[in-house]
Amino acid sequence: MAVLTGLPRRIVEQNLITAQQAQEILEKSRQDKSSFVAAAVASGHIKSRDIALLASEEFGLPVMDMAAFDFELMPQELVSKDLIEKHRALPLFQRGNRLFVAQSDPSAMMAIDEIKFNTGMTVEAVLVEEDKLALAVDKFLAANDSAFDDLDGELDDVDLEDPNARDKEQDTDKDSGDDAPIVRFVNKMLLDAIKGGASDIHFEPYEKRYRVRYRTDGVLHEVASPPVNLAGKIAARLKVMSQMDISERRIPQDGRIKMKLSKSKAIDFRVNTLPTLWGEKIVLRILDPSSAKLGIDMLGYEPDQKALFMEALAKPQGMILVTGPTGSGKTVSLYTGLNILNVEGTNISTAEDPVEINLEGINQVNVNARVGLDFAAALRSFLRQDPDVVMVGEIRDIDTASIAIKAAQTGHLVLSTLHTNSAAETLTRLANMGVPAFNIATSVTLIIAQRLARRLCPSCKAPAELPREALIEAGFTEELLKEAEIFKPVGCDQCKQGYKGRVGIYEVVKITDPISRIIMEGGNSIEISDAARSEGFNELRTSALMKVAQGVTSLEEANRVTTD
């Protein structure tokens, strides 16, 4: 084990993390080519504020609060966006020939040296908290992105994947002289949704009004209400962009939009239309490929849950099932696992409806029931193509379940999803489909039930004073209350209603011998659940309360996504 020096040693001496944790963070930062501070904050073992104060003492630098900084003072052209993104160092202000640059890790001297070389100026570091710096860097880069520069101008020049999309629109709507405002409005809605971190956009016509809503952090909120007489034109524009039939308004349609924000950044939208009483409701799901590359440490697994997931992924065969309602993050969990498995020596094939995230190195198939290519047909074909890992978007019927289980029993690792509420119900659901109990017990290795809860905003969350009796009644144990730091949402200019981002709540159950016996004896979900608890696997509610005790989310949010 290498000897710790500098800031890592100081943090260990202050008992904020253990020496083992410090070594793991150092190794992680080297693998990701990131700073030690960024890796430490991302690990969740230490707070951004604590590490900034220690770094200030260690290096003799002042700590500045980025939340109070006026971004209009920032020099815009002195340092290239590539350098800012590479080093996560932000130029703050200039005094003569001196440039002050915000950093969260003062030991990263390469950033200062490179900025000094490129600007020809004397560069001085200003210490800031890692989470606030990351937010400021993202805000700066987004504000200077060429796509966002066009928001107040002619937005109809956004680069779409289909080069003929503009021609199609001009052909179909050439008699309309007022379509330019519609084009600008629709593109502004899409870009604002990306900029605001929304996951879905709803365009909804009603009898006397029309509204546009974004789903941000799992909650819908209205963002625009254009005139109702524009409903048809907005629908036509979206259908042209999605390469749909704009003359067909009687049946639902599916499409896709690819929007290039810059040379290196593109966002896909999955589009669905639905004929309603007053026109076509159109919902766009925003598919950001970067969400599948967050890494397992960012998803919110507890250490023991992460270890179980990694152990199951390391096995050459078996089945990993991820379960939960729509919008609970199942796709991101599956693709996080696939990213870990995606190496040169592994053949990975997926069948999805539709393919949401395009990943290089993985053979992805869009199922199409109309031509006979359903999940079962795709699976049969996969097994003739020498696969190591197979991912099935969803197990919907006995045919798909039977083939997936046979694949898991014959030397393949299978990943899939089911729409059930808990791990125990997943096993009984397979039995109700008609899968023999012996096959379930011998093929399924791990079940992950999950929900997504909103994270409390780190900038404005406040301690919540709740009676001990109320916490015990909510499900807290005495052990959990000993080190609990419970916070409540407040709300500031950096978040929405006191929340910012989301975190996973998980129930991770390994199929042990006692659970296998209950399955083969035809046990119900209650018996399986009791066995899982006795084996030490936390249920969803317990995992949610742990996140509350850690100050990650609020008790109200835990109550919203889980039940007692």
Side-chain angles (χ1 to χ4, degrees), residues 5-11 25-26 29-42 48-153 195 261-265 290 458-459 493-494:
T5 59
L7 185 58
R9 184 186 64 188
R10 185 66 176 270
I11 294 171
I25 292 169
L26 275 171
S29 68
R30 293 189 187 106
Q31 289 175 359
D32 298 344
K33 296 181 180 178
S34 63
S35 71
F36 172 81
V37 172
V41 173
S48 186
R49 179 71 177 166
D50 292 339
I51 202 169
L53 293 175
L54 276 176
S56 173
E57 294 177 12
E58 181 73 16
F59 292 90
L61 293 173
V63 179
M64 190 186 82
D65 184 4
M66 285 295 295
F69 182 72
D70 185 357
F71 281 83
E72 292 185 2
L73 298 175
M74 291 175 59
Q76 298 295 317
E77 306 294 337
L78 277 177
V79 182
S80 70
K81 288 193 293 182
D82 290 341
L83 271 182
I84 293 171
E85 192 167 13
K86 175 183 176 183
H87 295 297
R88 309 300 283 180
L90 196 63
L92 295 176
F93 48 88
Q94 180 183 356
R95 293 288 183 271
N97 195 45
R98 294 164 68 201
L99 180 64
F100 294 85
V101 174
Q103 274 189 298
S104 62
D105 189 349
S107 64
M109 295 304 298
M110 187 183 295
I112 298 297
D113 292 342
E114 200 164 341
I115 292 173
K116 187 186 297 185
F117 176 80
N118 278 268
T119 61
M121 302 178 71
T122 301
V123 179
E124 295 190 22
V126 176
L127 193 58
V128 298
E129 296 168 49
E130 166 61 27
D131 53 355
K132 292 180 179 178
L133 175 62
L135 182 71
V137 168
D138 291 342
K139 183 177 179 181
F140 178 85
L141 293 174
N144 286 273
D145 195 295
S146 59
F148 293 118
D149 288 342
D150 293 335
L151 270 176
D152 297 320
K195 193 174 181 181
L261 301 179
S262 64
K263 290 181 180 179
S264 60
K265 176 80 169 175
S290 63
S459 300
D493 58 355
Q494 297 183 34

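Index from 1, following the sequence.
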With side-chain contact (heavy atoms from CB on, under 4.5 Å) as the criterion, how do N118 and V79 come out once you've worked through the C-alpha distance, each side chain's angles and the decisive distance to 0.1 Å? CA-CA 8 Å; N118 278 268; V79 182; over 6 Å; no
Between S104 and E130, do the side chains contain a donor N or O and an acceptor N or O under 3.5 Å apart? yes
Closest non-hydrogen atom pair, A89 against V101: CB-CG1, 3.7 Å
One should read off an interatomic distance between L127 CG and E58 CD, to the nearest 0.5 angstrom, of 11.5 Å
Would a 4.5 Å heavy-atom cut-off, applied to side chains only, mark I25 and P8 as touching? no
Going from CG on L90 to CG on L83, what distance comes out if it is rounded to the nearest 0.5 angstrom? 12.0 Å
Any side-chain heavy atom of L61 within less than 4.5 Å of one from Q103? no
Take V63 and R49 through the test side-chain contact (heavy atoms from CB on, under 4.5 Å) and record every step on the way to the result. CA-CA 10 Å; V63 179; R49 179 71 177 166; 4.0 Å; yes
Minimum heavy-atom separation for F36 and I51, please, with both atom names. CE2-CD1, 4.4 Å
Does S48 use its side chain to pair, donor to acceptor, with the backbone of D131 at less than 3.5 Å? yes
Testing T122, I112, I115 one by one against L99 for a side-chain contact (heavy atoms from CB on, under 4.5 Å), which residue passes? I115
Is there a side-chain contact (heavy atoms from CB on, under 4.5 Å) between L78 and M121 once you walk through the steps? CA-CA 10 Å; L78 277 177; M121 302 178 71; 4.0 Å; yes
Report the residues that fulfil ring pair (Phe, Tyr, Trp, His ring centres under 6.0 Å) with F93, sequence neighbours left out, ordered by chain and then residue number. F100
Heavy-atom closest pair, residues L7 and L54: CD1-C, 4.2 Å
Nearest-0.5 Å distance, CE of residue M110 to NZ of residue K86: 7.0 Å
